[in-house]
There are 2 protein chains.
Amino acid sequence: MHNDDRIVICESPDIDEAVDRLNEAFNEKRTIIIVGRCRVDYHGRASSKLEPGERIVIMKEDGAVLVHRSKGYEPVNWQPSGCILQALREEDCLIIKAIKRAPREVVTIFFDRIHFLSTFKLMDEGEFSLYASEEEMRRAILMEPSLIEEGFKPIDYERRVKPGFVDIYGVDKDGRIVVVEIKRRTAGKEAVLQLERYIETLKRSLNKEVRGILAAPVISRDARQTLLSLGLDFRRVDPKKCSEILKRKEEKKILDFFRHFTNA
Amino acid sequence: MHNDDRIVICESPDIDEAVDRLNEAFNEKRTIIIVGRCRVDYHGRASSKLEPGERIVIMKEDGAVLVHRSKGYEPVNWQPSGCILQALREEDCLIIKAIKRAPREVVTIFFDRIHFLSTFKLMDEGEFSLYASEEEMRRAILMEPSLIEEGFKPIDYERRVKPGFVDIYGVDKDGRIVVVEIKRRTAGKEAVLQLERYIETLKRSLNKEVRGILAAPVISRDARQTLLSLGLDFRRVDPKKCSEILKRKEEKKILDFFRHFTNA
DNA sequence: GCCTAGGTCCCGTCA
DNA sequence: TGACGGGGCCTAGGC
């Protein structure tokens, strides 16, 4: 067993040692990994039962819990962050309880064999950046409205309409009001119906013609059908190109800044 | 370092050892846990960049990959099952690539410090059972149609309507066609619109009146408004009660079976 | 391959 | 707190 402030690793710990290590880790908000044989009960919005088998359990410093089997992306049982963790011994069993309230949900893990238990203080300040999201598409269209069509002029974005938000709100070259609904992947029926709802609401409240444009990389056949029958338009917009446009504009901004400095 | 067929644990392995262990694990379809300092790139449907920090990386026998930070339920980067894994050394860096095709997506993990690396052959045949799901609600309603209303008679379930599926299709006590849409949690606008779409399609194709009933534990205020204005009904149905009904019916079945035996 | 719908979805955001 | 929509959603099931 290795033990310092940062890392604790126990191979085949007995139950009492495991309970001690876990309580220590809960107090110090350490991240925990356990590999061993366990069964799991869950009661909350639904219920579930997982029969015994060997799994990986991760418990994080914010109270998130994940039970992973040997296959698949998803945990078989889990608890999102913010729950209270307890470890106790009962007979020859290590019992871990993860309790969340509102709604009350309880995950109980019963280990009858612990292959290994490890706790860490993870140092992680690294920034995470995501590109080509719907938000980036919106920003790119606002900076380069011709991505929608020539003469399009955005007026507002994330505009509240009844309950919901119009992605971009503007006018076309002929002064007609335009509503743009953005999707970062194949637009389906829901996207069309969403757009239609906004337009109906706006038409009634403004008592004017309102154009609807669905901006997405692709549109499904059915959705296109519905779109056309409702008199709405589709405009192909690629999220990656939007991301590149933003990057270029950012670079230009910085360049202009330095140019200004040089000239000054 | 401990090493047998089932478990391999390496504390602070050097990069060459890590590469060896990983390739061994990929070949033998072992589950892998690495804790260390890394940065991560992702390119695919979107792109992302994660700056260096200490994280937990899990690689499963089916090619699923998870990169977990010290907080939160969700992995910051991941790859679902079915991707190809590679490990290689480049300078003082352990590089792990997880590649998926259709659509092509690549996650690259660069470790510059490995606190510990562990590989397992997890034995897990335990069955997983989920209760109070939408599927259990459907089965309960089929066995006990009065959960919807007196005189309701189901005819079919998961019935294909254009593209989409009607949860339950049947007739009411007056012989009118009924479509039931089930939701296991608070029904919102989408649920109402979904039901409305099915009804519109069925009305046109059957050229008859069609009733729509939304069955859920609760309905949001807005959704109820829309529902009523469309002339549809809401019926409160609790997923847990459905689960209990099923359990009782199952028990009765077993009891009847033994009674039959005793009498025979 | 596309498309639809569920999920203990989780998560952020806003009334 | 409820409600709504996004997500690299993932996953299962149909066609």
Side-chain angles (χ1 to χ4, degrees), chain A residues 40-48 64-67 71-83 98 100 102-107 128 130-135 137-138 158 160 162-167 181-191 194 197 218-223 239-240, chain B residues 42-48 64 66 72-82 100 102-107 128 130-135 137-138 158 160-167 181-191 194 197-198 218-224 239-240:
Chain A
V40 186
D41 284 351
Y42 154 69
H43 293 285
R45 289 163 293 177
S47 304
S48 73
V65 178
L66 307 165
V67 181
K71 287 176 189 170
Y73 161 84
E74 290 177 330
V76 58
N77 282 109
W78 72 90
Q79 201 67 284
S81 60
C83 73
K100 191 170 67 78
R104 182 179 167 82
E105 302 213 90
V106 183
V107 170
F128 178 72
L130 180 67
Y131 308 100
S133 62
E134 187 180 302
E135 197 228 340
M137 289 176 75
R138 176 165 56 72
E158 301 264 295
R160 184 143 198 82
K162 199 157 139 183
F165 291 87
V166 167
D167 286 332
E181 175 63 33
I182 304 168
K183 286 282 169 266
R184 72 166 301 288
R185 48 178 177 161
T186 308
K189 273 188 294 191
E190 338 84 294
Q194 207 176 325
R197 261 184 282 158
V218 235
I219 183 167
S220 77
R221 281 184 64 83
D222 274 12
K240 294 216 168 166
Chain B
Y42 154 70
H43 293 286
R45 289 163 293 178
S47 303
S48 73
L66 307 165
Y73 161 85
E74 289 176 330
V76 58
N77 281 108
W78 72 90
Q79 201 66 287
S81 61
K100 191 170 67 78
R104 181 177 168 84
E105 302 213 89
V106 183
V107 169
F128 178 73
L130 181 67
Y131 308 101
S133 62
E134 183 180 308
E135 197 227 343
M137 289 176 75
R138 177 165 55 70
E158 301 263 295
R160 188 146 195 78
V161 169
K162 197 154 138 183
F165 293 89
V166 167
D167 285 333
E181 176 61 34
I182 305 168
K183 285 284 169 269
R184 70 166 303 288
R185 46 176 179 160
T186 308
K189 272 188 294 192
E190 335 85 309
Q194 205 177 328
R197 260 186 280 157
Y198 295 142
V218 233
I219 184 168
S220 75
R221 282 185 67 83
D222 274 11
R224 172 159 240 142
K240 295 214 169 163

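Naming convention: chains lettered A, B, ... in sequence-line order (proteins, then strands); numbering from 1 in each chain. Quick caveat, the model's predicted, so the values are computed rather than measured.
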| request: Classify the nucleic acid contact of A/Glu181 as base, sugar-phosphate or nothing, counting any heavy atom under 4.0 Å across all strands shown. | output: sugar-phosphate
| task | Using side-chain contact (heavy atoms from CB on, under 4.5 Å) as the criterion, list what pairs up with B/Glu74, not counting sequence neighbours. | result | none
| remark: Per nearest nucleotide of DNA chain C, the residue lying toward the 5' end, A/Thr186 or B/Gln194, is A/Thr186
| request: Check if the side chain of A/Glu190 and the base of D/dG5 share a donor-acceptor pair of N or O atoms closer than 3.5 Å. | output: no
| note | Atom CG of B/Leu130 and atom C1' of D/dC10 are separated, to the nearest Å, by 16 Å
| How close or far is atom C1' of C/dG12 from atom CD of A/Glu134, stated in whole angstroms? | 14 Å
Between the protein and nucleotides 11-15 of chain D, are there any N/O to N/O pairs under 3.5 Å, and if so, what are the atom names and distances?
| unit_1 | atom_1 | unit_2 | atom_2 | d |
| --- | --- | --- | --- | --- |
| D/dT11 | OP1 | A/Tyr73 | N | 3.2 |

| task | Under the salt bridge (Lys or Arg N to Asp or Glu O under 4.0 Å) rule, collect the residues that match up with A/Asp41, sequence neighbours excluded. | result | A/Arg39
| For D/dG7, does either OP1 or OP2 sit under 4.0 Å from a side-chain N or O belonging to B/Arg45? | no
| field | 5′-ward residue of the pair A/Arg197/A/Ala102 relative to DNA chain D | value | A/Ala102
| message | I need the CH2-P distance between A/Trp78 and C/dC9, as an integer number of Å. | response | 7 Å
| Out of C/dG6, D/dC9, C/dG7, whichever nucleotide has its closest atom nearest the side chain of B/Lys183 | C/dG6
| message | If you only use heavy atoms from C-beta on, which nucleotide in C/dA5, D/dG8, D/dC4 is closest to the side chain of B/Tyr198? | response | C/dA5
| remark: The residue, B/Glu135 or A/Ser220, whose nearest nucleotide of DNA chain C is more 5′ is A/Ser220
| Within this structure, what is the CZ-to-C1' distance between A/Arg185 and D/dG8, rounded to whole angstrom? | 9 Å
| message | What contact category does B/Gly164 fall into here, base, sugar-phosphate, or nothing, at under 4.0 angstrom with non-hydrogen atoms? | response | sugar-phosphate
| request: May I ask you to say what B/Val106 touches in the nucleic acid, namely base, sugar-phosphate or nothing, with a heavy-atom cut-off under 4.0 Å? | output: nothing
| Taking only residues two or more places apart in sequence, or in another chain, which ones meet B/Glu105 in a side chain to side chain donor-acceptor pair (under 3.5 Å)? | B/Tyr42, B/Arg45
| task | Quick one: list whatever passes side-chain contact (heavy atoms from CB on, under 4.5 Å) with B/Arg160, sequence neighbours left out. | result | B/Pro163, B/Phe165
| field | A/Glu190 vs B/Glu190, side-chain contact (heavy atoms from CB on, under 4.5 Å): CA-CA, chis, key distance, verdict | value | CA-CA 8 Å; A/Glu190 338 84 294; B/Glu190 335 85 309; over 6 Å; no
| How long is the line joining NZ of B/Lys189 and C1' of D/dG5, in whole Å? | 9 Å
| remark: Those residues at least two apart in sequence (or on a different chain) that pass salt bridge (Lys or Arg N to Asp or Glu O under 4.0 Å) with B/Arg138 are B/Glu158
| In the strands shown, is D/dG8 matched to any nucleotide by a Watson-Crick or G-U wobble pair with both distances under 3.5 Å, and which? | none
| query | Just wondering, more than 12 heavy atoms not from A/Lys100 lying within 6.0 Å of its NZ? | reply | yes
| remark: A/Asp222 atom CG is separated from C/dC2 atom C1', nearest whole Å, by 10 Å
| task | Give one of base, sugar-phosphate or nothing for B/Gly188, where a contact means two heavy atoms less than 4.0 Å apart. | result | sugar-phosphate
| message | In whole Å, measure the gap between the P atoms of D/dG8 and D/dC4 for me. | response | 23 Å
| field | Rounded distance (Å) that lies between atom P of D/dG5 and atom CG of A/Asp167 | value | 11 Å
| request: Rounded off to whole Å, could you give me the CZ-to-P distance for the B/Arg138 and C/dG7 pair? | output: 10 Å
| task | Give the intermediate values and the outcome of side-chain contact (heavy atoms from CB on, under 4.5 Å) for residues B/Asp167 and B/Met137. | result | CA-CA 10 Å; B/Asp167 285 333; B/Met137 289 176 75; over 6 Å; no
